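What follows is a short report on a single structure.
From a predicted model like this one, the values you see are computed outputs, not experimental measurements. All chains are named by letter (A, B, ...) in the order of the sequence lines, taking the proteins before the strands, and each is independently numbered beginning at 1.
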Number of protein chains: 2
Amino acid sequence: MSLKVMSIGTVKELTGLTERQIRYYEDRQLVFPERSNGGARKFSFEDVELLKEIHRKLKDGFHTFELRKGLSKTYDRRGGSARH
Amino acid sequence: MSLKVMSIGTVKELTGLTERQIRYYEDRQLVFPERSNGGARKFSFEDVELLKEIHRKLKDGFHTFELRKGLSKTYDRRGGSARH
DNA sequence: CGTGTAAGGAATTCTGACACG
DNA sequence: CGTGTAAGGAATTCTGACACG
């Protein structure tokens, strides 16, 4: 589902990341949540997978600016074929 | 997805229902959202479909207590067969 | 019965900043 | 660079109640 429906608190639980990390990844242009009228971020399930992938890459030594090009095509996660 | 991830505000947008209606349907035991630590309701996409179905049935003249048994098997929604 | 609303409180989320390194 | 935190404000959601019918 690519529908942006969950708030950062839910994403925090699903990903294990902190709000700080999630917001930072958005700041770095790696995820693009929508906003509610009040300004609250809304994420999709795809975003959740993407965020987990981002964090994994960062732990592997990558930097946010390196992930910006090509990661959005790679959040395959379940199969082997990255197809990038 | 049966993962309970969205708050009532999002459900309100997706269903077109008011918070009052959504809470009432829960009170009537027709939907079973989870709760966040703070007590906020969390709904799944399935719940969203169910809520829409509930509201449709009510408009058709059914009462909440009548829907309690058998609706969860009927949220067909896309086909025409009402099957009541 | 199903739904609207005003009421007050509690939890959530937001931004910008200082910090470390 | 990536992340932690304290700070104050704004938006969200909660419950119980009164209302109509």
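- Between the C1' atom of C:dA11 and the CD1 atom of B:Ile8 lies a distance of 15 Å, rounded to the nearest Å.
- Between the side chain of A:Thr10 and the backbone N or O of B:Val5, at least one donor-acceptor pair lies under 3.5 Å.
- In this entry the distance linking CD of B:Glu19 with P of D:dG16 reads 16 Å, nearest Å.
- One N or O on the side chain of B:Lys4 and one on the backbone of B:Phe32 form a donor-acceptor pair closer than 3.5 Å.
- For the pair A:Leu51 CG and D:dT3 C1', the computed distance is 15 Å after rounding to whole Å.
- Atom-to-atom, CZ of A:Arg35 to P of D:dT12 comes out at 13 Å; the value is rounded to the nearest Å.
- A:Arg23 contributes no side-chain N or O that forms a donor-acceptor pair with the base of C:dT15 under 3.5 Å.
- Using a 4.0 Å heavy-atom cutoff across all strands shown, A:Phe65 reaches no nucleic acid atom at all.
- Map A:Arg20 and B:Lys42 each onto its nearest nucleotide of DNA chain C; the residue landing nearer the 5' end is B:Lys42.
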### Summary
Here DNA chain C, pairs taken as Watson-Crick or G-U under 3.5 Å and shown with ( ), [ ] when crossing and | when to another strand, reads .||||.||.|.|.||.||||.
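- Salt-bridge check for A:Glu49 with A:Lys52: passed, with a basic side-chain N closer than 4.0 Å to an acidic carboxylate O.
- Every side-chain contact (heavy atoms from CB on, under 4.5 Å) that B:His63 has, sequence neighbours left out, goes to B:Phe65, B:Glu66.
- One can place NZ of B:Lys57 at 18 Å from C1' of C:dG2, the figure rounded to the nearest angstrom.
- Rounded to an integer number of Å, the gap from CZ of A:Arg41 to C1' of D:dT12 is 16 Å.
- Residue A:Tyr24 contributes atom OH, which lies 13 Å from atom C1' of D:dG4 at whole-angstrom precision.
- Between the CD1 atom of B:Ile22 and the P atom of C:dG2 there is a distance of 16 Å, given to the nearest Å.
- A:Glu34 and A:Arg41 are not joined by a salt bridge, as no carboxylate oxygen comes within less than 4.0 angstrom of a charged side-chain nitrogen.
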